[in-house]
Asks: 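Below you will find the structure I want to go over with you.
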Amino acid sequence: MSFMPLFKVIEKQRGWVKFQIDSFNHFLDYGIQSIIDEIGTVSLNPEIGDHQLRFGKVHIGRPSIKEADGSTRQIFPNEARLRNLTYAAPVYVDITPIINGAHEKPERVHIGNLPIMVGSSLCSTHGLTSRELARNGEDMNDPGGYFIVNGTERVLVLIEEIASNKPIFEKEGDTISVRINSERSG
């Protein structure tokens, strides 16, 4: 089998960006919450008493913009491109103040905005039909897998780099080989 047909098989079966979108969706579903769970509780200045903040559930909204009149509305990727905006969604965390051991009422706090990957589960285009995409000015053949920051499409490029001066073990059948990519410091 020559190189090009194999190339086409991979493209047809899996696509070139699905792994990027799957990885970002996993980050949305599990990664952000696990980071917040790892932080858990933060103690504030002990000079003013026993004050803590306990971080709870993370909530991520849909991509939206705040207009000049103060209103907030959903945005699609193409509008972000045309208006030089960042295609992002608000991130909220339920925070419970603990004052001298007493748990106060939890509050949902906006902690920032997260750029949303085009084509991900939170993207405004997710699940739309070709007709709905066209009605919203979107390309039905856009594979996604990138971000829009200040109107510019940005992609994360994954590269594999061999670790210098570290052994790399490879097993093929019953044979184990060790390879070291030697490099001077600096």
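Quick caveat, the model's predicted, so the values are computed rather than measured. Numbers here simply count residues along the sequence, with the first being 1.
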Asks: Do you know which two heavy atoms are closest between P63 and L122, and how far apart they sit?
Replies: CD-O, 3.1 Å
Asks: Roughly how far, to the nearest 0.5 Å, is CD1 of I65 from CD of Q74?
Replies: 10.5 Å
Asks: When Ile, Leu, Val, Met, Phe, Trp and Tyr are grouped by side-chain heavy atoms lying under 4.5 Å apart, directly or through other members, which residues fall in the same group as M140?
Replies: F76, L128, L133
Asks: Answer yes if the side chains of T175 and E172 hold a donor-acceptor pair under 3.5 Å, and no otherwise.
Replies: no
Asks: Give me each pair satisfying ring-ring contact (aromatic ring centres under 6.0 Å, His included) with a member in residues 80-139, each pair once, sequence neighbours excluded.
Replies: Y92-H110
Asks: So, does N78 use its side chain to make a donor-acceptor pair with the main chain of G137 at under 3.5 Å?
Replies: yes
Asks: Excluding sequence neighbours, so at least two apart, what forms side-chain hydrogen bond (donor to acceptor under 3.5 Å, both in side chains) with S121?
Replies: N25
Asks: If I take atom CD1 from residue I111 and atom CZ from residue R108, how far apart are they, to the nearest 0.5 angstrom?
Replies: 12.0 Å
Asks: What is the minimum heavy-atom distance between G144 and I21, and which atoms define it?
Replies: C-CD1, 4.3 Å
Asks: Would a single hydrophobic cluster contain both I180 and I168, if residues Ile, Leu, Val, Met, Phe, Trp and Tyr are joined by side-chain heavy-atom contacts under 4.5 Å?
Replies: no
Asks: To the nearest 0.5 Å, how far apart are NZ in K57 and CG in D37?
Replies: 9.5 Å
Asks: Would you compute the distance between atom CG of N150 and atom OG1 of T86 and round it to the nearest 0.5 angstrom?
Replies: 4.0 Å
Asks: Closest approach of F24 and L114, non-hydrogen atoms and distance?
Replies: CZ-CD2, 4.4 Å
Asks: Looking at residues at least two apart in the chain, or sitting in another chain, which of them share a ring pair (Phe, Tyr, Trp, His ring centres under 6.0 Å) with Y30?
Replies: H26
Asks: Considering only heavy atoms from C-beta outward, does the side chain of I35 approach that of F27 to under 4.5 Å?
Replies: yes
Asks: Would you find a donor on one side and an acceptor on the other, under 3.5 Å apart, between the side chain of E38 and the backbone of Q33?
Replies: no
Asks: According to side-chain hydrogen bond (donor to acceptor under 3.5 Å, both in side chains), who are the partners of E153, at least two apart in sequence or on a separate chain?
Replies: R81
Asks: Are any non-hydrogen side-chain atoms of I95 and E107 less than 4.5 angstrom apart?
Replies: no
Asks: Determine the minimum heavy-atom distance between R62 and C123, stating which atoms define it.
Replies: NH2-O, 3.2 Å
Asks: Nearest 0.5 Å, please: how far is CD in Q20 from CE in M117?
Replies: 5.0 Å
Asks: Give the minimum heavy-atom separation between V17 and G145, together with the two atoms involved.
Replies: CB-CA, 4.3 Å
Asks: Compute whether any side-chain donor of one residue and acceptor of the other, for E138 and T125, lie under 3.5 angstrom apart.
Replies: no
Asks: Taking atom CZ of R131 as the centre, does the number of heavy atoms from other residues, nucleotides or ligands within less than 6.0 Å exceed 12?
Replies: no
Asks: Please report the shortest heavy-atom distance between T96 and P106, naming the atom on each side.
Replies: OG1-CB, 3.4 Å
Asks: May I ask whether L156 and V118 are part of the same hydrophobic cluster, defined by side-chain heavy atoms of I, L, V, M, F, W, Y residues being less than 4.5 angstrom apart, directly or through others?
Replies: yes
Asks: When rounded to the nearest 0.5 angstrom, what is the spacing between CG in L85 and CD1 in I75?
Replies: 5.0 Å
Asks: Got a sec: does the CG of D174 have more than 12 other heavy atoms crowding it under 6.0 Å?
Replies: no
Asks: Membership question, hydrophobic clusters at under 4.5 Å side-chain separation (ILVMFWY): are L82 and F147 in the same one?
Replies: no
Asks: Looking at residues at least two apart in the chain, or sitting in another chain, which of them share a side-chain hydrogen bond (donor to acceptor under 3.5 Å, both in side chains) with N136?
Replies: none
Asks: Pick from N113, I36, V109, V58: which one makes a side-chain contact (heavy atoms from CB on, under 4.5 Å) with V91?
Replies: V58
